[in-house]
Amino acid sequence: MQRYFIDQNADPSQRFFITSKEDVHHIVNVMRNDVGNEIIVTFNDQQVYRCEITKIDSDQIEIMLTEDMTIDSELPQHITVCSGLIKADKYEWLIQKATELGASHFIATQMTRSVVKLTQNKVAKKLERWQKIIKEAAEQSYRLKIPEVTYKESLKAVYEDIDQFDHVLLAYEDAAKDGETHQFRSLVAQFQPEDRVLIIFGPEGGLTEDEVALFENEGTTIGLGPRILRAETAPLYALSAISYEQELSH
């Protein structure tokens, strides 16, 4: 059964309206739903309900809540994936899969070795497309919230917000080459529920020494195993490892 998000808190005593043009089109024209059919809706307070469609208009769909189906599907920690800009198709694949794996926030950043350059007049359109991909991935993977994506013009701009995080990790290729294998696992084991974690990944070619040095007093460099991972693969490895340690190994 298809899932949709509503930016309001759930209340079984009220009826709600789906007003997103894309969602209305998808429900009526793609899924061919009619009055009396059921969909699943995730509300802003992370409550999930089976809902019956009670009325369909051209610009909105009225629904009635029928059954509470809330199951916690979020990672215990809030994971922000900061990535250097990479080729468009690879970054879109990254944010889609990382949403499925539980990331809470994405930061796309211009880095020294980024081959891709994002001009300011293209940022809004890119963010809109990325947010749409994330929303669809969140619906598909039964997430309780839609991760957000933002753009920062440099790692220095990311550094300016460093105080909002409890842990800052940098996936550094040189650490992997030097055989570092314990730091990441040790840090993940220390994560507490609701911790805010920033993990920084380089573009193709990785982080430079200067970029790593920027975070040397607040961050920890980590290796992600003996193999050198692609820029779009490394975040998925890290999220999978966090999920295993925090959700499956206890």
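We're numbering straight along the sequence, starting at 1.
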Salt bridge (Lys or Arg N to Asp or Glu O under 4.0 Å) between E139 and K135: does it pass, once the steps are laid out? CA-CA 6 Å; E139 291 171 343; K135 176 180 179 291; 2.7 Å; yes
Stepwise side-chain contact (heavy atoms from CB on, under 4.5 Å) check, Q192 with D166: CA-CA 10 Å; Q192 298 299 311; D166 301 298; over 6 Å; no
Could you please spell out the steps behind the side-chain contact (heavy atoms from CB on, under 4.5 Å) verdict for T221 and Q183? CA-CA 8 Å; T221 57; Q183 193 75 272; over 6 Å; no
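Looking at every heavy atom in both residues, S114 comes nearest to T109 through OG-O, 4.0 Å. Nearest heavy atom pair, residue L207 against residue Y172, reads O-CE1, 3.7 Å. The two atoms that bring P147 and H105 nearest to each other are CB-N, 4.3 Å, heavy atoms only. Smallest separation of non-hydrogen atoms from I133 and Q96: CG2-CB, 3.9 Å. Listed here is the closest heavy atom pair of L101 and L75: O-CD1, 3.7 Å. Pairing each heavy atom of L214 with each of E218, the nearest pair is O-OE1, 4.5 Å.
Here V35 sits in one hydrophobic cluster together with Y4, I6, F16, I18, V24, I27, V28, V30, M31, I39, V41, F43, Y49, I53, I56, I61, I63, L65; the rule is ILVMFWY side chains under 4.5 Å apart, joined directly or through other members.
In this structure, N44 CG and N9 CG are separated by 5.5 Å, a value rounded to the nearest 0.5 Å. In this structure, the separation between CD on Q140 and CD on Q2 is 9.0 Å, given to the nearest 0.5 Å. In this structure, F201 CZ and L236 CG are separated by 8.5 Å, a value rounded to the nearest 0.5 Å. Rounding to the nearest 0.5 Å gives a distance of 12.0 Å between OG1 of T19 and CG of D57. Atom OG1 of T119 is separated from atom NZ of K117 by 12.0 Å, given to the nearest 0.5 angstrom. Separating the CZ atom in F5 from the CG atom in L144 is a distance of 7.5 Å, to the nearest 0.5 Å.
Applying the side-chain contact (heavy atoms from CB on, under 4.5 Å) test to R50 and every residue at least two apart in sequence or in another chain returns M1, E38, T66, E67, M69. Every residue two or more places apart in sequence or in another chain that forms a side-chain contact (heavy atoms from CB on, under 4.5 Å) with A108 is listed here: L85, Y91, W130, Y151. Take E92 and apply the salt bridge (charged side-chain N to carboxylate O under 4.0 Å, His left out) test, not counting sequence neighbours, and it matches R129. S141 meets the side-chain contact (heavy atoms from CB on, under 4.5 Å) test with E100, R143; sequence neighbours excluded. Every residue was checked against the salt bridge (charged side-chain N to carboxylate O under 4.0 Å, His left out) condition with E153, not counting sequence neighbours, and none meets it.
At least one side-chain heavy atom of K90 sits less than 4.5 Å from a side-chain heavy atom of R230. For the pair Q46/T70, no side-chain contact is recorded, criterion being any heavy-atom separation below 4.5 Å from C-beta on. Side-chain contact between I242 and I199 is present, with heavy atoms from C-beta onward closer than 4.5 Å. L198 places a side-chain heavy atom less than 4.5 Å from the side chain of C82. No side-chain heavy atom of H167 sits under 4.5 Å from any side-chain heavy atom of Q77. With a 4.5 Å cut-off on side-chain heavy atoms, I95 and S83 do not count as touching. Within the 4.5 Å cutoff, side-chain heavy atoms of R3 are placed close to those of V48. Residues T80 and Q164 form no side-chain contact, since every pair of their non-hydrogen atoms from C-beta on lies 4.5 Å or further apart.
Heavy atoms of other residues, nucleotides or ligands lying less than 6.0 angstrom from CD of Q120 number 12 at most. Summarising the local packing, NZ of K145 is surrounded by more than 12 heavy atoms from other residues, nucleotides or ligands at distances under 6.0 Å. Under a cut-off of 6.0 angstrom, the local environment of CD in E74 is crowded, with over 12 non-hydrogen atoms contributed by other residues, nucleotides or ligands. Open room surrounds NZ on K125; 12 or fewer heavy atoms of other groups in view lie less than 6.0 Å from it.
At distances below 3.5 Å, not a single donor-acceptor pair connects side-chain atoms of S243 with backbone N or O atoms of S240. Formation of a donor-acceptor pair under 3.5 Å by the Q246 side chain with backbone atoms of V188 is found in this model. Checked by atom type and distance alone, the side chain of S73 pairs as donor or acceptor with a backbone atom of Y142 at under 3.5 Å.
Between K132 and E128, no side-chain nitrogen of the basic residue sits less than 4.0 Å from a carboxylate oxygen of the acidic one, so the salt-bridge criterion is not met.
Using modelled atom types, one finds a donor on one side chain and an acceptor on the other under 3.5 Å when comparing E211 with T112. Under the 3.5 Å distance criterion, with hydrogens and angles disregarded, no donor-acceptor pair is assigned to the side chains of D210 and T208.
Side-chain heavy atoms closer than 4.5 Å link hydrophobic residues (I, L, V, M, F, W, Y) into clusters, and following such links, possibly through other members, connects I146 to L127. Hydrophobic cluster membership differs between L229 and V115, with clusters built from Ile, Leu, Val, Met, Phe, Trp and Tyr side chains linked at under 4.5 angstrom.
Aromatic ring pairs are classed by plane angle as parallel below 30°, tilted from 30° to 60° and perpendicular above 60°; the pair F215 and Y159 is perpendicular.
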